Amino acid sequence: METERRPGLHVQKKGIIKQPDPVKPSPNNTDEEDLDGEDMQKEVLSRRNSWEPSVFYSLGSETFFFTGQEISIRESLDTFGAVVCPGAVALCRYLEKNWEQIDLLDKAVLELGAGTGLVSIVASLLGAWVTATDLPDVLSNLNFNLSRNTRGRCRYTPQVAALVWGQDVKRDFPSSVYNYDYVLCADVVYHHNFLEDLLMTMQYFCKPGTTLLWANKVRFQSDLHFIENFKNVFDITLLEETPQEEVRIYQATARKSGQQHDV
Ligand SMILES: C[S@@+](CC[C@H](N)C(=O)[O-])C[C@H]1O[C@@H](n2cnc3c(N)ncnc32)[C@H](O)[C@@H]1O
């Protein structure tokens with residue numbers, strides 16, 4: 001079990017138990033060189049029957065401390081909504097540290113690509129009315145984490161909703177009903193094919209009066225390209241950059257002359 005300690009944060013990881021590799025035929029295995037014909041066939045069959053997977057997965061969990069509360073996050077088996085990403089941890093740290101400037105108390109907050117839910121949990125603990133969104137497949141684990149970490153601890157029970165970037169967003173979240181003070185996004189930019197849809201969705205929700213906070217580890221050339229497009233459509237401020245984790249946190253607001261997108 002790996003244990004890591006940082007001020008304000010204690011992360012405990014468990015879940016992947018590595019076993020030694022199963023016996024592999026090796027060109028240097030001198031035993032094998034002594035076998036031939038029938039004996040070799042028997043040996044191969046017996047090894048095949050005793051084969052065991054080399055890695056066993058069990059669902060892991062991570063424990064964080066924010067706003068004086070212990071937060072236990074259950075990871076899942078989804079490809080991308082599975083673990084807590086560095087952008088989420090950086091954004092939670094930022095929200096906790098700057099709670100006076102970014103006052104989430106009684107604010108309507110939307111999270112895009114919430115994954116395992118850490119950011120939405122911390123925003124809820126800070127007093128916001130939160131809607132955490134993601135792809136439909138991710139919602140059950142997201143719901144589980146939100147419920148177990150906010151029940152009886154928050155002013156508002158966080159909501160969970162399906163939101164696929166660029167798909168029926170206007171229909172499912174009409175502006176006449178849904179308006180948010182803050183839109184939060186952590187590590188939603190990486191190597192995927194929906195970056196344009198994501199940017200349009202960000203623009204749709206970031207109306208005049210809304211503040212969008214986006215934290216991301218910068219990994220790929222396409223991330224830098226996204227940042228350029230992001231700068232072109234919003235008025236932005238770089239709030240924080242952590243060189244060690246390569247995470248940047250941007251604040252964005254709608255441009256006065258900005259185009260509204262139908263998504
Ligand atoms: C790298 S994970 C980050 C999760 C979480 N925000 C965090 O930082 O721990 C990206 C998230 O975006 C979601 N996502 C990916 N493509 C999406 C799409 N087209 N529409 C909505 N969500 C999407 C994934 O399901 C996943 O939860």
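The figures here come from the full heavy-atom set of this structure, side chains too, leaving out hydrogens, waters and symmetry mates. It should be emphasised that the depicted structure is a prediction, and the values quoted were computed from it without experimental measurement. Start at 1 and go down the list; that is how both ligands and their atoms are numbered.
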*Please indicate whether any nitrogen or oxygen in W165 is less than 3.5 Å from any nitrogen or oxygen in ligand 1.*
yes
*asked:* Are any of the N/O atoms on A186, whether in the backbone or the side chain, positioned under 3.5 angstrom from an N/O atom of ligand 1?
replied: yes
*Is atom CD of Q101 surrounded by more than 12 heavy atoms (other residues, nucleotides or ligands) closer than 6.0 Å?*
yes
*Within the structure, does V188 bring an N/O atom to less than 3.5 angstrom of an N/O atom in ligand 1?*
no
*Region of L118 that comes within reach of ligand 1 [heavy atoms, distance under 4.0 Å]*: neither
*May I ask you to list the atoms of ligand 1 that are less than 4.0 angstrom from any heavy atom of V84?*
9 (O)
_Please list, in number order, the atoms of ligand 1 under 4.0 Å from a heavy atom of G115._
4 (C), 27 (O)
*Between T116 and ligand 1, does any nitrogen or oxygen pair lie at a separation below 3.5 Å?*
no
*Return yes if some donor-acceptor pair links the side-chain N/O of E111 with the main-chain N/O of S120 below 3.5 Å, else return no.*
yes
*Would you say ligand 1 has an N or O under 3.5 Å from any N or O of C85?*
yes
*asked:* Strictly distance-based, threshold 3.5 Å: is any side-chain N or O of D103 a donor or acceptor partner for the main-chain N or O of L105?
replied: yes
*Mind checking whether A114 contacts ligand 1 via backbone (N, CA, C, O), side chain (CB onward), both or neither, at a 4.0 Å heavy-atom cut-off?*
backbone
*asked:* Under 4.0 Å from a heavy atom of V138: which atoms of ligand 1 are those, numbered in the order shown and with their elements?
replied: 25 (O)
*asked:* Here's one to test your reading of the geometry: is the NZ or CZ of R93 within 45 degrees of the ring axis of F66 and under 6.0 Å from its centre?
replied: no
*Just jot down the ligand 1 atoms closer than 4.0 angstrom to any heavy atom of L163, in number order.*
20 (N), 21 (C)
_SB check K207 D181 (cutoff 4.0 Å)_ = no
*Of the backbone atoms (N, CA, C, O) and the side-chain heavy atoms from C-beta on, which set of V83 has a member under 4.0 Å from an atom of ligand 1: side chain, backbone, both, or neither?*
backbone
*asked:* Looking at A82, is its backbone amide N or carbonyl O close enough to the side chain of N141 to form a donor-acceptor pair, meaning the two atoms are under 3.5 Å apart?
replied: no
_Is it the case that over 12 heavy atoms from other parts of the model lie below 6.0 angstrom from the CD atom of E196?_
no
*Could you tell me which atoms of ligand 1, counted from 1 in the order shown, lie closer than 4.0 angstrom to a heavy atom of D187?*
1 (C), 2 (S), 3 (C), 8 (O), 10 (C)
*Of the options Y204, Y178, Y180, W165, which is the one that meets F173 in a ring pair (Phe, Tyr, Trp, His ring centres under 6.0 Å)?*
Y178
*In terms of the angle between their ring planes, are H192 and Y190 parallel, tilted or perpendicular, with boundaries placed at 30° and 60°?*
perpendicular
